[in-house]
Amino acid sequence: MTKLRNKVWIWGHPPHSLVNEFDLDGSITPVEGMDYLGAKNVFYVPMHNVVDRDACSKECESCLNLGWSIENADQVDDAISLAKKYSNITTIVFDDFFNEGTKGSYEHYTVEKLNYLKEKLHQAKPNPLEMWLVYYTMNTNEMVLKDFLPIFDGIILWFWHEADNNEFELKLKNFLERHKHQKRMVGCYLYDFGNKKQSNPEIVLYQLNRAKELLVNGLIDGLVLHTNGVADMGFEAVEVAKKWMEENGEVIIND
């Protein structure tokens, strides 16, 4: 058994990394965002910024689990090397994998290459690493999805444009069914990036409560809050999530 907060991750970006594209000038680090919201884990996602991954990993030593995003295949070896030094590194995640034309796109990989990388991660010493993937509901190229989705150890579900509750339930149901043989997490945006506006706090609260139900019933393996990049900007949805974590973080989850 474990506490709910031990299953909650922060989708972590470097401070100030959202200012150019979204005019969001959050100043706190991923681990500071984790502490503010009461979570215990971080996915560190540089967003193509050059960061010192060793120094950032050291900053995140208080995390129960630390995951690093992968923007090219060479970074898999970097993550394995870092994990030898920082034992809380347990996961790597492919972000923007289905976004064509980006550095991290599926266009740069084959099924064979990904299986090779996954095997390398599973054989990492002293501890094996898991290979996860970001999946947006707007990714609908079935010919691509059917080849690549089954390879990954785990999938994180995201709604780029804020979904109403009915759409959320429909796509969540499809996600849980499709990936019933894989680990699964659900992402919750604390800012509506798709529409470049503040998230609806009532919708955020609904998604958080549904994630709690799914965690308690063993239907998902984690909840990911997005992001430290808005955690210090006074948005109502962030404060709703903070209060929700204060009220639910100690709930017992059966592993």
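Not measured: the values here are computed from a predicted model.
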Same cluster (ILVMFWY, side-chain, under 4.5 Å), Val251 and Leu64: no

Heavy-atom closest contact (Ala211 atom, Ile220 atom, distance): O-CD1, 3.8 Å

Pairwise distance CD1(Ile155) to CG(Leu176) - rounded to 0.5 angstrom: 12.5 Å

Donor + acceptor pair across side chains of Asn65, Thr90 (<3.5 Å): yes

Donor-acceptor contact below 3.5 Å, side chain Ser105 vs main chain Thr102: no

Lys/Arg N to Asp/Glu carboxylate O, Glu213 vs Arg210, below 4.0 Å: yes

From CG (Asn217) to NZ (Lys212), nearest 0.5 Å: 11.0 Å

Whether Asp96 side chain and Asn99 backbone form a donor-acceptor pair below 3.5 Å: no

Closest non-hydrogen atom pair, Asn41 against Asn6: ND2-O, 2.9 Å

Side-chain donor-acceptor pair present, Lys103, Asn72, cut-off under 3.5 Å: no

Heavy atoms from other residues, nucleotides or ligands near NZ of Lys125 exceed 12 (cutoff 6.0 Å): no

Heavy-atom side-chain proximity of Asp25 to Leu18 below 4.5 angstrom: no

Sidechain-backbone polar pair: Glu177 side chain, Lys173 backbone, donor-acceptor under 3.5 Å: no

Minimal non-hydrogen separation, Met131 against Lys118, with atom names: CE-CB, 3.6 Å

Separation between NZ of Lys243 and CG of Leu205, rounded to the nearest 0.5 Å: 9.0 Å

Taking every non-hydrogen atom, the tightest pair across Val42 and Cys63: CG2-SG, 3.8 Å

Atom CD of Glu236 with >12 non-hydrogen neighbours under 6.0 angstrom: no

Over 12 foreign heavy atoms within 6.0 Å of CD, Glu107: yes

Between Asp192 and Trp160: side-chain donor-acceptor atoms closer than 3.5 Å: no

Pair Glu61 + Lys58, salt bridge at N-O below 4.0 Å: yes

Neighbour count above 12 (heavy atom, 6.0 Å) for Asp23 CG: no

Nearest heavy atoms of Pro15 and Ile28, plus distance in Å: CG-O, 3.7 Å

N-O pairing of Arg53 and Asp78 below 4.0 Å: no

For the student: nearest non-hydrogen atoms of Ala83 and Pro126, plus distance: O-CD, 4.4 Å

Quiz item: cation-pi between Lys171 and Phe159, 6.0 Å / 45°: no

Derivation and outcome, ring pair (Phe, Tyr, Trp, His ring centres under 6.0 Å), residues His226 and Phe193: CA-CA 10 Å; His226 192 297; Phe193 285 87; 4.9 Å; yes

Side chain to side chain donor-acceptor pair (under 3.5 Å) assessment of Asp232 paired with Ser27: CA-CA 7 Å; Asp232 62 340; Ser27 62; 2.7 Å; yes

Heavy-atom side-chain proximity of Val224 to Cys188 below 4.5 angstrom: no

Distance (rounded to the nearest 0.5 Å) between Leu215 CG and Lys3 NZ: 15.5 Å

Test item: Lys40 and Val8 side chains (from C-beta on) under 4.5 Å apart, heavy atoms: no

Heavy-atom side-chain contact between Leu223 and Lys7 under 4.5 Å: no

Leu170-Tyr135 co-clustered via ILVMFWY side chain contacts under 4.5 Å: no

Side-chain touch His181/Pro150, heavy atoms, less than 4.5 angstrom: no

Side-chain donor-acceptor contact under 3.5 Å, Tyr36 with Asn228: no

Within the 6.0 Å centroid threshold, strictly below: Tyr189 and Tyr191: no

Any side-chain donor near an acceptor of the partner, Tyr44 and Glu59, under 3.5 Å: no

Approximate separation, where rounding is to 0.5 Å, of Ile156 CD1 and Trp158 CH2: 6.5 Å

Ring center gap for Trp68 and Trp132 short of 6.0 angstrom: no

Leu214-Leu225 co-clustered via ILVMFWY side chain contacts under 4.5 Å: yes

Beyond-backbone contact of Gln207 with Val186, side-chain heavy atoms, under 4.5 angstrom: no

Residue Tyr116 excluded, over 12 heavy atoms near OH under 6.0 Å: no

Backbone N/O of Lys197 and side chain of Asn195: donor-acceptor pair under 3.5 Å: no

From Glu119 atom CD to Leu114 atom CG, the distance as rounded to the nearest 0.5 Å: 13.5 Å

Asn200 backbone acceptor or donor facing Glu162 side chain under 3.5 Å: yes

Flag, side chain of His48 to backbone of Glu71, donor-acceptor distance under 3.5 Å: no

Same apolar cluster: Tyr136 and Val45, side chain cutoff 4.5 Å: yes

Step-by-step side chain to side chain contact (heavy atoms under 4.5 Å, CB included) determination, Ser57 to Ile89: CA-CA 8 Å; Ser57 296; Ile89 297 177; 3.8 Å; yes

Verdict with supporting geometry, Tyr109 and Phe148, ring pair (Phe, Tyr, Trp, His ring centres under 6.0 Å): CA-CA 9 Å; Tyr109 297 93; Phe148 290 112; 7.9 Å; no

Side-chain heavy atoms of Gln182 within contact of Asp153, under 4.5 Å: no

Cluster companions of Met1 among Ile, Leu, Val, Met, Phe, Trp, Tyr (side-chain spacing under 4.5 Å): Ile252

Joint cluster assignment, Leu145 & Phe97, ILVMFWY side-chain distance < 4.5 Å: yes

Heavy-atom check, side chain of Val93 versus side chain of Val134, under 4.5 Å: yes

From CA spacing to verdict: side chain to side chain contact (heavy atoms under 4.5 Å, CB included), Ile151, Asn115: CA-CA 7 Å; Ile151 298 171; Asn115 277 316; 3.5 Å; yes

Check: Thr227 side chain, Trp11 main-chain N or O, donor-acceptor pair, under 3.5 Å: yes

His13 side chain to Asn49 side chain, donor-acceptor N/O pair below 3.5 angstrom: no

Stepwise side chain to side chain contact (heavy atoms under 4.5 Å, CB included) check, Leu24 with Val19: CA-CA 5 Å; Leu24 298 169; Val19 66; over 6 Å; no

Lys183 atom NZ, over 12 foreign heavy atoms within 6.0 Å: no

